[in-house]
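Positions are given from 1 along the sequence.
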Amino acid sequence: MIGGLADAVKASAVPPVSLVVADSVPAAASGMERTAPASPAAPSKRTPGVSVSSQQTSRASAPSQRAPEVPLVSRRRAVAVRDYITLLCEEMDRHHECAERILWPILSESAGAAIDIRPYLESRDALTPIVAGLRAAADQFVDDPEAGAALLAALLRVVRDRIDEHVDHLDQDVLPLITRYVSAEDYAVATRRMRSTIAPHRVPWVLPWAARLATPEERHRLMREAGVGRRALLAMSGRAYARLERRVFGPAIRHSHLCP
C-alpha cells in the first residue's frame with residue numbers, strides 16, 4: 001500500500017522524476033542520517049489508475065498542449081494524500097508507543113534474559129525521524145504538489161523499506177519469543193489494551209484500513225473479534241474510507257471487502 005501511494009505521488013510530478021531512494025532524500029529535509037546509495041528496490045505493485053503513460057507525459061510536459069495555470073494535482077487530491085499519510089504516521093506512532101508501554105513489559109517479564117529488545121528499539125528509533133520528515137513532506141505536497149512530489153515519493157519508499165525490515169525482525173525474532181514465553185491469556189489482555197489506545201476520531205479510518213490490508217483469514221478473525229458495534233461502524237465508515245482511497249490512489253481501486 002505504501003509503495004502504491006509512492007507511485008501515486010510520483011505520477012503527479014512533471015516531468016517524471018527518476019528516484020534513487022538514498023540519493024533523493026536530503027538529510028536536512030528528512031532529519032535522517034545519510035546512508036550509502038542503496039540498490040534499487042524491487043518494483044512495488046502499481047496501484048490501478050495512477051500510472052502516467054509516455055503519451056500522457058508528452059502531452060503534459062508540452063507547453064503548447066497544456067492549459068496554463070491548470071494544476072495537475074487538484075488541491076482536493078493533495079489534501080487527501082496529506083490526510084492519508086498523516087493518519088498512517090499516527091498509527092505507526094501509536095503502534096510503537098503501545099509496544100513500549102504494553103507489549104514489551106509483558107514479554108520482558110515472561111522471557112527474562114532470553115530476550116534482548118534493544119535491536120527492536122533501535123529499529124523503531126531509526127524510523128522516528130523519517131516518519132517526522134514524511135509528515136512534513138506531506139504538508140509541503142499540499143502547498144505545492146508538483147514541487148513536493150519527488151521528495152514525498154522518495155520518503156514513502158524509504159518508510160516502506162524500513163517498515164519491511166522492521167516487520168521482518170518482528171516475524172523472525174520477536175514473535176517466536178512471544179509464542180514461546182507469553183501465555184495466550186496475557187497476550188489477549190495486551191491486545192485489548194493496545195486496541196483501546198486508538199483515538200475515537202481514528203477508529204473510522206483504522207478499521208477499514210486494517211480490513212483493507214488483512215489477508216482473508218485475518219479479516220475473518222477481525223470481523224469475529226470486532227463485535228456487533230464495530231462491525232456496524234466498519235460498514236458505515238467503509239464507504240468514506242473507500243472515497244478517501246479513490247481520491248488518493250485512483251478510481252479503479254476495489255473495496256468489496258469493506259462491505260461485511
Side-chain angles (χ1 to χ4, degrees), residues 1-10 12 19 21 24-33 41 44 47 50 73 75-103 120-145 147-170 194-214 237 240-249 253:
M1 185 64 77
I2 293 180
L5 180 55
D7 287 340
V9 170
K10 181 181 175 183
S12 67
L19 297 176
V21 169
S24 299
V25 188
S30 65
M32 53 184 267
E33 294 183 3
S44 59
T47 304
V50 300
V73 180
R75 178 169 179 80
R76 184 168 178 262
R77 186 181 185 194
V79 168
V81 170
R82 189 271 315 277
D83 291 348
Y84 188 95
I85 290 174
T86 299
L87 289 164
L88 179 65
C89 290
E90 287 177 350
E91 189 59 17
M92 285 191 286
D93 288 341
R94 186 189 70 85
H95 167 78
H96 292 148
E97 182 181 350
C98 283
E100 185 168 352
R101 289 195 302 106
I102 299 172
L103 185 58
Y120 174 88
L121 296 178
E122 290 169 359
S123 174
R124 180 208 61 186
D125 291 344
L127 263 173
T128 299
I130 303 173
V131 171
L134 179 60
R135 296 184 68 166
D139 290 335
Q140 180 182 338
F141 182 72
V142 171
D143 295 336
D144 190 343
L151 177 61
L152 182 57
L155 280 169
L156 282 165
R157 288 195 167 92
V158 172
V159 170
R160 176 200 63 193
D161 294 343
R162 293 297 180 89
I163 288 177
D164 284 346
E165 295 172 1
H166 191 65
V167 171
D168 285 345
H169 172 62
L170 285 176
M194 292 173 73
R195 287 178 182 165
S196 71
T197 64
I198 303 175
H201 76 277
R202 288 210 301 265
V203 171
W205 182 85
V206 171
L207 277 179
W209 173 71
R212 175 80 166 112
L213 300 178
S237 62
Y241 177 81
R243 287 194 295 272
L244 173 63
E245 273 206 356
R246 281 194 292 269
R247 286 198 297 272
V248 173
F249 295 97
I253 197 163

| message | Under the rule for ring-ring contact (aromatic ring centres under 6.0 Å, His included), what residues qualify as partners of His166, not counting sequence neighbours? | response | His96, Tyr120
| field | Counterpart residues, side-chain contact (heavy atoms from CB on, under 4.5 Å), relative to Asp139 (two or more places apart) | value | Arg82
| request: Check Gln140 against Ala147 and note the closest heavy-atom contact, atom names and distance. | output: NE2-O, 4.5 Å
| Contacts of Ala240 that satisfy side-chain contact (heavy atoms from CB on, under 4.5 Å) - sequence neighbours left out | Arg243
| request: Under the side chain to side chain donor-acceptor pair (under 3.5 Å) rule, collect the residues that match up with Glu100, sequence neighbours excluded. | output: Arg124
| field | By side chain to side chain donor-acceptor pair (under 3.5 Å) - contacts of His95 (at least two apart) | value | none
| message | Checking Arg247 now: which residues fulfil salt bridge (Lys or Arg N to Asp or Glu O under 4.0 Å) with it, not counting sequence neighbours? | response | none
| note | With sequence neighbours left out, the residues meeting salt bridge (Lys or Arg N to Asp or Glu O under 4.0 Å) with Glu91 are Arg94
| Among Leu151, Ile85, Val81, which one satisfies side-chain contact (heavy atoms from CB on, under 4.5 Å) with Phe141? | Val81
| field | Nearest-0.5 Å distance, SG of residue Cys89 to CD1 of residue Ile130 | value | 11.0 Å
| note | Separation between CG (Leu87) and NE2 (His201), nearest 0.5 Å, reads 7.0 Å
| Leu127 CG to Leu134 CG distance, which is reported to the nearest 0.5 Å | 10.5 Å
| message | Taking side-chain contact (heavy atoms from CB on, under 4.5 Å) as the definition, give me every residue that meets it alongside Leu88, ordered by chain and number, with sequence neighbours left out. | response | Ile2, Met92, Trp205, Trp209
| note | Sequence neighbours excluded, the answer for side-chain contact (heavy atoms from CB on, under 4.5 Å) partners of Asp93 is Val131, Arg135
| message | Please verify the inter-ring angle class for Tyr84 with Tyr241; under 30° counts as parallel, over 60° as perpendicular, anything in between as tilted. | response | tilted
| query | What distance do Leu244 atom CG and Asp83 atom CG have between them, rounded to the nearest 0.5 Å? | reply | 7.0 Å
| note | CG of Asp168 to CD1 of Ile163, rounded to nearest 0.5 Å, is 12.0 Å
